[in-house]
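Below, read A as the first sequence line, B as the second, and so on, with proteins coming before strands; counting in each chain starts at 1.
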Amino acid sequence: MNATAEIAADERATVVDERMGITGNIPAVKIATWNVNSLRARLPRVLSWLATRSPDVLLLQETKVTDEEFPLAEIEAAGYHVARFGQKTYNGVAIFAKKPITDVVKGLPDDLPTSDRRVIAGTVDGVRVVSVYVPNGAEVGCDKYLYKLQWLARFIEFSRRELALGMPLVVAGDWNIAPDDRDVHDPVGLAGSILCSEPERLALTAVKALGFEDGFRKFNAEGGVYTWWDYRAAMFRRGLGLRIDHVLVNETAAALLEAVEVDKEERKGEKPSDHAPVVATLRQP
DNA sequence: ATGGTCGCGGAGCGA
C-alpha cells in the first residue's frame, strides 16, 4: 500500500466516523478459529492468546473435555461467554464470545446422542457462527475415511439450515481438507492421500456450492500458507504444513470481510497446538 | 515423511 492509498483510507474512515457520530476506528469484529488439541492442556496459551489478540469470537475444536469438566470459570474470568459441546478424550467444540451467545445449536440434525461432538452454532451480535471439526479420516479408503465423507454429506443439510436463517454466516474450523495444491507443502508426494484426496476436496466444494466462499482465498491467492503442521518429524521447523483450517463465509458475511490471517506465531514456543489460529476481520453488520 | 510427537489415560488409539 502506498502513502496515497493510506491517506484515502484514513479519509474514508473519518467520513464514516462522522456519519456514525463516533470517534476512533470503524468498528470491526474479529472472529477466530483454533483447533487447540485439548483445551485443558492448552489453557495457559489460550488465555494468553485471548488477552493479547482479544478476538470478539473464538471458535474452538478438539477441546477434548466434557461439559462438566470444562474450565468455565477461567474463560469467563477472561471476559468471554461460553457455549460448549464436548465429550471425554476426543473431539469437542466450543464458542467463546465477548457478547452473549444465543440460539445455540449442537450437533448435526440426524446425530444420535452417542455421536461425535463436532459442531456447535450460535448467534453473536447479529452474526451467525459455526465451529466445526470435520473427521480426520485416517487413511484413504479405510472405515474412518468413509465415515468422514458420510459426515460431510450430513453436514450439507446442517449448512442449508444455517444459510436459511438469512444472517451473516461464518462456518469455521478444522476441515481436515487441503482445498488445492497451493495448500500442500508437497502436492506431488501427497497427491491422493488423506487430507488431499479428490473425494474430500469434492465434498468441501459441495459445501461451498451451497453459498460459501473460502475467506482466506478472497484475499490471498498464494500458496505455502499453512494452518497445521504435524508434531512428528519437526514439520513446523521445516516449514512443511497443510492449510486445513478454513473460514467459510456466506455472501452476506463475505461482503463484510476485510481480512483472513493465520497466526503462525502461535505454533511456536512451549506446548503449542499442532494448529495455528486463523483470524477473520469483518466490518460490523 | 524412512521415522520422527503429542494428548489422554494409564495400554494403545487417534491425529
Side-chain angles (χ1 to χ4, degrees), chain A residues 33-49 59-71 74-75 84-94 114-119 131-152 155 172-179 181 183-197 199-201 203-204 223-224 226-246 262 264-278:
Chain A
T33 178
W34 192 7
N35 179 324
V36 294
N37 184 21
S38 171
L39 179 59
R40 286 176 293 182
R42 217 63 59 211
L43 193 58
R45 288 194 73 130
V46 170
L47 292 172
S48 168
W49 195 80
L59 305 169
L60 301 97
Q61 303 87 37
E62 281 207 270
T63 53
K64 294 186 175 179
V65 63
T66 62
D67 295 349
E68 294 70 28
E69 298 286 315
F70 199 97
E74 290 89 335
I75 304 303
R84 59 203 195 275
F85 189 45
Q87 65 186 93
K88 186 177 159 68
T89 311
Y90 302 116
N91 310 309
V93 285
T114 54
S115 292
D116 295 346
R117 298 187 163 189
R118 297 179 175 276
V119 182
S131 178
V132 57
Y133 176 46
V134 173
N136 172 282
E139 193 178 334
V140 172
C142 72
D143 287 350
K144 291 194 182 72
Y145 180 78
L146 299 178
Y147 175 71
K148 178 180 195 173
L149 296 178
Q150 287 160 2
W151 194 93
L152 283 161
F155 190 74
D174 177 2
W175 291 79
N176 270 314
I177 300 168
D181 285 353
D183 306 312
V184 184
H185 63 85
D186 181 9
V188 174
L190 295 174
S193 64
I194 196 65
L195 314 181
C196 306
S197 74
E200 293 168 77
R201 288 176 167 177
L204 177 57
Y226 308 128
T227 65
W228 170 79
W229 300 259
D230 201 316
Y231 283 127
R232 294 166 288 189
M235 296 294 267
F236 182 72
R237 183 180 56 73
R238 296 159 63 199
L240 307 177
L242 297 174
R243 193 176 71 92
I244 58 176
D245 300 85
H246 308 301
V262 180
K264 193 177 169 185
E265 288 299 306
E266 190 53 40
R267 182 62 175 78
K268 302 176 181 174
E270 290 295 307
K271 277 176 75 78
S273 169
D274 45 353
H275 295 252
V278 182

Novice: If we take the C1' atom in both dA11(B) and dC6(B), what is their distance in whole Å?
Specialist: 16 Å
Novice: Rounded to whole angstrom units, what separation is found between the NE2 atom of His275(A) and the P atom of dA15(B)?
Specialist: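 After rounding, the gap between these two atoms is 11 Å.
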Novice: When you compare the side chain of Asp174(A) with that of Val132(A), does any pair of heavy atoms fall below 4.5 Å?
Specialist: no
Novice: For Phe236(A), which contact category applies under a 4.0 Å heavy-atom criterion: base, sugar-phosphate, or nothing?
Specialist: nothing
Novice: Between Pro135(A) and Tyr147(A), which heavy-atom pair has the shortest distance, and what is it?
Specialist: CG-CE2, 3.7 Å
Novice: Just call it for Asp274(A): base, sugar-phosphate, or nothing, with non-hydrogen atoms closer than 4.0 Å on any strand.
Specialist: nothing
Novice: Return the CG to CE distance between Asp230(A) and Met235(A), rounded to the nearest 0.5 Å.
Specialist: 6.0 Å
Novice: Does Glu62(A) or Asn37(A) map to a spot on DNA chain B nearer the 5' end, using the closest nucleotide for each?
Specialist: Asn37(A)
Novice: Which nucleotide sits closest to the side chain of Lys144(A): dA15(B), dA1(B), dC8(B)?
Specialist: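 In terms of side-chain proximity for Lys144(A), the closest of dA15(B), dA1(B), dC8(B) is dA15(B).
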Novice: Using atom CD of Glu270(A) as one end and atom P of dG7(B) as the other, report the distance to the nearest whole Å.
Specialist: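 That distance rounds to 11 Å.
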Novice: Quickly work out the Asn136(A) CG to dC6(B) C1' distance and round it to whole Å.
Specialist: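 That distance rounds to 14 Å.
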Novice: Please state whether the phosphate of dG9(B), meaning OP1 or OP2, lies under 4.0 angstrom from any side-chain nitrogen or oxygen of Thr89(A).
Specialist: yes
Novice: Which atom names give the shortest non-hydrogen contact between Thr63(A) and Val36(A), and what distance separates them?
Specialist: CA-CG2, 4.4 Å
Novice: Ignoring backbone atoms, test whether Lys271(A) places a side-chain nitrogen or oxygen under 4.0 Å from the OP1 or OP2 oxygen of dG7(B).
Specialist: yes
Novice: Please report the distance, rounded to the nearest Å, between OH in Tyr90(A) and P in dA15(B).
Specialist: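 Rounded to whole Å, this separation is 8 Å.
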Novice: Could you give the distance separating dA15(B) and dA1(B) at their C1' atoms, to the nearest angstrom?
Specialist: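 15 Å, rounded to whole Å.
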Novice: Taking the nucleotide of DNA chain B with the nearest heavy atom to each, does Trp228(A) or Arg40(A) sit closer to the 5' end?
Specialist: Trp228(A)
Novice: Over how many whole Å does the gap from Arg232(A) atom CZ to dC13(B) atom C1' extend?
Specialist: 12 Å
Novice: Considering just the side-chain nitrogens and oxygens of Arg238(A), establish if one lies under 4.0 Å of OP1 or OP2 belonging to dG4(B).
Specialist: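 For dG4(B), neither OP1 nor OP2 has a side-chain N or O of Arg238(A) closer than 4.0 Å.
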Novice: So, OP1 or OP2 of dG9(B): does either fall under 4.0 Å of a side-chain N or O from Lys88(A)?
Specialist: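 Yes, because at least one side-chain N or O of Lys88(A) sits under 4.0 Å from OP1 or OP2 of dG9(B).
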Novice: For Tyr145(A) and dA15(B), give me the distance from atom OH to atom P, rounded to whole Å.
Specialist: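 Answer to the nearest Å: 15 Å.
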Novice: Output the rounded distance in Å from CD1 (Ile194(A)) to P (dA15(B)).
Specialist: 10 Å
Novice: Below 4.5 Å, heavy atoms only, C-beta onward: do Arg84(A) and Val65(A) meet side chain to side chain?
Specialist: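 They are not in side-chain contact.
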Novice: Determine the Euclidean distance between corresponding P atoms of dG9(B) and dG3(B); express it in Å to zero decimal places.
Specialist: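 Their P atoms lie roughly 28 Å apart.
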Novice: Which whole-number value in Å describes the distance from Asp186(A) CG to dA1(B) P?
Specialist: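 My rounded result for the distance is 5 Å.
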